[in-house]
Amino acid sequence: MLENFGYIGIFLIAALGFAISTITLPILLRRFHIVPKKPNPVKSSTYECGMDTVGKSRVQFNFRYYFYALLFVVFDIQVVFLYPWAVALGELKLFGFLEMLAFFSILIVGFLYAWRKGVLEWK
Amino acid sequence: MGILEQFEQWLVNYWPSWAAYLVPPLVAFAILSTFILVVVMAFIYIERRGIGRFQVRLGPNRAGPFGVLQPVADAIKVLIKEDIIPAKGDRWVHWLAPIIAFIPALMIFAVIPFGHGAIFADLNIGILYIIAISSLGIIGVFMAGWGSNNKYSLVSAMRTVAQMISYEIPLVLSIIGVLIITGSLSMVSIVEGQHVPFLLLQPLGFLIFFLAAAAEINRTPFDLLEAESEIVAGYHIEYSGMKFGLFYLGEYTHAFAISAIVAILFLGGWSGPFLPPALWFLIKVFSVFIVLFWLRSTLPRLRVDQLMGFAWKCLFPLALINIFITGIEAIIWPNFPWQLLILNILIAALLIVLWSGFFRVAGERVSFERYGRGIAKGLALTFRHLFRHPITVQYPEQRLTPSRRFRGNLLVWDVERCNGCRACARMCPISIIDIETARGDKGLVVERLEIDFGRCMFCGLCVEACPVEALFMSRDYEKASYRRELLVMKKEQFVAAEKRPSAYAYPELEAEMPPQTLLAPPKGGR
């Protein structure tokens, strides 16, 4: 089984090589004058449909994104517990099921609270 | 035993063990990546042609027979384009983003079984690995949005992260139903444990997984990050050349991976009668992909509040309920008898109808009667479009005759009638008529007439202003040139031009004109 994980490592290295070689291929082709390289200030300016950028580009954004990020972290961690539970449910039987139900209900109370507080509304 | 292990054991006889261990995966990677590229090209071709037909268009059909070489042409174009890096952007982040966005999509294929033993690495945690890897792609997209230093791409990147993390929760929860039934995380044992496709045993899980997966790979109706009507092209707005090509490739590789995962988890993977296993697998993958772009060609894009509301208020609770229903079933009937199929389909239908009336999205109650039937009607309509004659024409070869009263974009000038009064030049709101006259024996003679049709907006005021009806609009609708100067018409060209006036100004000519060709003929035609 461990050698399968080694395969994954080889796959990752090969995929990295594949991606990097595809992305650097145009640089090689530039040597043979197949790919043009003629930068000018207008071309490399920020594309905003012809208008000049007003102020900074990295502006403040909606705080609602953080709410979703927090909810995501909570439920993604719950998923980490759920996967082994789901695989072993055949042996855990009713006890394991009720245990997970109890664990869930705690999180669901939090979810319902967030829902009632209007976190899920995008305004 | 997989094909790779057999290859390795055969190699051990000839080569040292480390080489025998290294070479098979590298060979397999080369074959696999070529295969993925071919399938992605097929996907792009099928999608563009298919969406064309769903929308009663022709679709790309110029490059090669039936346009088959269109993806190849696109690839070559992308490869030899200039690479533009925005001056204010972050160079390193801008360079790394496409690589990081692409690799996770490719890495998924390491654990996808294409047939008996035809799998790169049969991990015992296969599906968990896929979930862990596939969510890394968000980072690449966010880096692209941040590194471009563009407001559109930053908005798109924020939306992407919000959308992907929201839809990841229902995605991973909907798989758990399958895991409870099979009791294994390995992709191979999930396929081997499916005596009936889990589509029937887990209908609710399938629906949730399918919708969440469509959102994960950013297909319309969930393509908010690329909403071209709002934020131009989203996160890859500042990308060109091969870097854009890598994003594009990654998107379709991810679509292929998701279709393959749907086929493995819910449609029985490679298993099927008569045909060879790999063929069955490909048939299933392609049908999942066809349904994906069928949805894309039918449904309009969602708003961001609808999108998030749908994930958290509809898919997430339904996925939780699905887990517990499956859990109860697993405890009461551990062998999952076939009667459960009917029960589960009934439960799924009941839950969808009940739950859809339960929550509000953007202050509006989502009723299944309204949206469910509407979506079904739309899908049926686009399906019927597949068999209609496309209403676009092959333009330069096939031309349309316009309506008899069509007022086209060129002026016809009658030199005999013109008295050189210059009323047209004065009336023109954008002053593009340049006219010079000289005194002749019978009054004014036009010496020079120049009209810039590159700027003309065809308002027709010059025609109305003319007191002697020497100017009128023609029936031509084509005017194109590679150079702007060629769009300026001179006096000589006006005199030489064939006079094709519109019947709008000359109703007496109407009877002799050819009839209009209709794009969508009334019933019974064509």
Side-chain angles (χ1 to χ4, degrees), chain A residues 1 3-8 10-12 14-16 18-20 22-23 25-26 29 34-39 41 43-49 53 57-59 61-62 64-65 68-69 71-72 75-76 79 82-83 86-90 93-94 97 100-101 104 108 111 115 120-123, chain B residues 4 21-22 25-26 29 33 79-88 98-99 102-103 106-107 110 120-124 128 149-152 154 158 161-162 165-166 168-169 172-173 176 179-180 183-185 232 237-238 241-243 246 304-305 308-309 312-313 320 323-324 327 330-331 334:
Chain A
M1 185 43 68
E3 66 173 28
N4 276 329
F5 284 95
Y7 281 175
I8 299 287
I10 296 169
F11 195 98
L12 175 64
L16 260 173
F18 179 77
I20 291 172
T22 352
I23 216 167
L25 191 59
L29 290 179
I34 296 170
V35 175
K37 180 73 180 173
K38 292 170 191 156
K43 211 186 262 178
S44 55
S45 65
T46 304
Y47 178 77
E48 281 189 12
C49 305
T53 311
S57 290
R58 281 147 194 174
V59 286
F61 33 79
N62 200 331
R64 301 215 162 262
Y65 290 111
Y68 288 108
L71 279 177
F72 168 73
F75 288 103
D76 220 30
V79 166
L82 265 175
Y83 267 68
V87 174
L89 188 66
K93 301 278 190 251
L94 194 59
F97 182 76
M100 190 45 88
L101 207 60
F104 250 93
I108 290 302
F111 178 69
W115 191 336
L120 305 181
E121 300 300 324
W122 190 283
K123 279 174 191 149
Chain B
L4 275 182
Y21 178 70
L22 266 180
L26 287 176
F29 177 82
S33 51
L79 184 64
I80 61 176
K81 270 212 161 189
E82 183 179 355
D83 175 36
I84 302 165
I85 299 173
K88 289 181 188 164
I99 299 176
F102 172 69
I103 287 180
L106 192 60
M107 290 287 287
F120 192 88
D122 180 16
L123 295 191
N124 52 3
L128 191 65
N149 197 1
N150 184 317
K151 280 175 188 162
Y152 290 131
L154 188 66
M158 291 310 295
V161 175
I165 62 177
S166 296
E168 199 170 305
I169 301 287
V172 294
L173 288 180
I176 288 177
L179 299 183
I180 291 176
S184 168
L185 289 165
V232 196
I237 183 170
E238 295 284 6
M242 203 58 221
K243 284 196 253 172
L246 212 56
V304 68
D305 56 338
M308 305 302 265
W312 286 103
K313 293 176 186 172
L320 285 185
I323 291 174
F324 284 107
I331 289 164

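In what follows, chains are A, B, ... by sequence order, proteins preceding strands, each numbered from 1. Remember, predicted model here, so these are calculated numbers, not experimental data.
Closest heavy-atom contact between A/V35 and B/L79: CG2-O, 3.7 Å. Smallest separation of non-hydrogen atoms from A/I8 and B/A121: CD1-CB, 4.0 Å. Closest of all the heavy-atom pairs between A/T22 and B/M242 is O-CG, 3.1 Å. Among all heavy-atom pairs drawn from B/L128 and A/Y83, the shortest one is CD1-CD2, 3.8 Å.
One distance of note links CG of A/L16 with CD1 of B/I103; it measures 3.5 Å at 0.5 Å rounding. Between B/I99 atom CD1 and B/K243 atom NZ the span is 9.5 Å, to the nearest 0.5 Å. Here the straight-line distance linking atom CG of A/D76 with atom CG of B/L173 works out to 9.0 Å at 0.5 Å rounding.
Within the 4.5 angstrom heavy-atom criterion, only side-chain atoms of B/A330, from C-beta onward, approach chain A. Contact annotation for B/K81: only backbone heavy atoms (N, CA, C, O) come within less than 4.5 Å of a heavy atom of chain A. With a 4.5 angstrom heavy-atom cutoff, A/L89 touches chain B only via side-chain atoms. Interface residue A/I108: only side-chain heavy atoms are found under 4.5 Å from chain B. Residue B/L106 touches chain A through both its backbone and its side chain, counting heavy-atom pairs closer than 4.5 Å. For B/F102, the part sitting under 4.5 Å from any heavy atom of chain A is the side chain, from C-beta outward, and nothing else. With a threshold of 4.5 angstrom between heavy atoms, A/Y65 approaches chain B through side-chain atoms but not through N, CA, C or O. Residue contact with chain B, scored on non-hydrogen atoms closer than 4.5 Å, involves the side chain of A/L25 exclusively. When heavy atoms are compared at a cutoff of 4.5 Å, A/L12 approaches chain B by way of both its backbone and its side chain. Of the atoms belonging to A/F18, it is side-chain heavy atoms, and not backbone ones, that fall under 4.5 Å from chain B. For chain A, the nearby part of B/I85 is the backbone; its heavy atoms alone come within less than 4.5 Å. Looking at B/P98, only its side chain comes within 4.5 Å of chain A, counting heavy atoms on both sides.
Options B/L154, B/N150, B/L179 differ in how many heavy-atom pairs under 4.5 Å they form with chain A, and the most are formed by B/N150. Counting heavy-atom pairs closer than 4.5 Å to chain A, the top-ranked of the candidates B/I176, B/I323, B/I237, B/N149 is B/N149. Looking only at heavy-atom pairs under 4.5 Å with chain B, the residue among A/F75, A/F72, A/W115, A/F104 that has the most is A/F72. Note: A/I10 leads A/I10, A/L29, A/I20 in heavy-atom pairs under 4.5 Å with chain B. In terms of heavy-atom pairs under 4.5 angstrom with chain A, the leader among B/P86, B/S166, B/P25 is B/P25. Note on B/I84, B/L246, B/I169: by heavy-atom pairs under 4.5 Å with chain A, the leading option is B/I169.
Residues forming a side-chain hydrogen bond (donor to acceptor under 3.5 Å, both in side chains) with B/D83 (at least two apart in sequence, or on another chain): none. Every residue two or more places apart in sequence or in another chain that forms a side-chain hydrogen bond (donor to acceptor under 3.5 Å, both in side chains) with A/K43 is listed here: B/E82.
For the pair A/Y7 (side chain) and B/A110 (backbone), a donor-acceptor distance under 3.5 Å is absent.
Ring geometry for B/F29 against A/F11 counts as perpendicular: the plane angle is over 60°, on a 0 to 90° scale with 30° as the lower cut.
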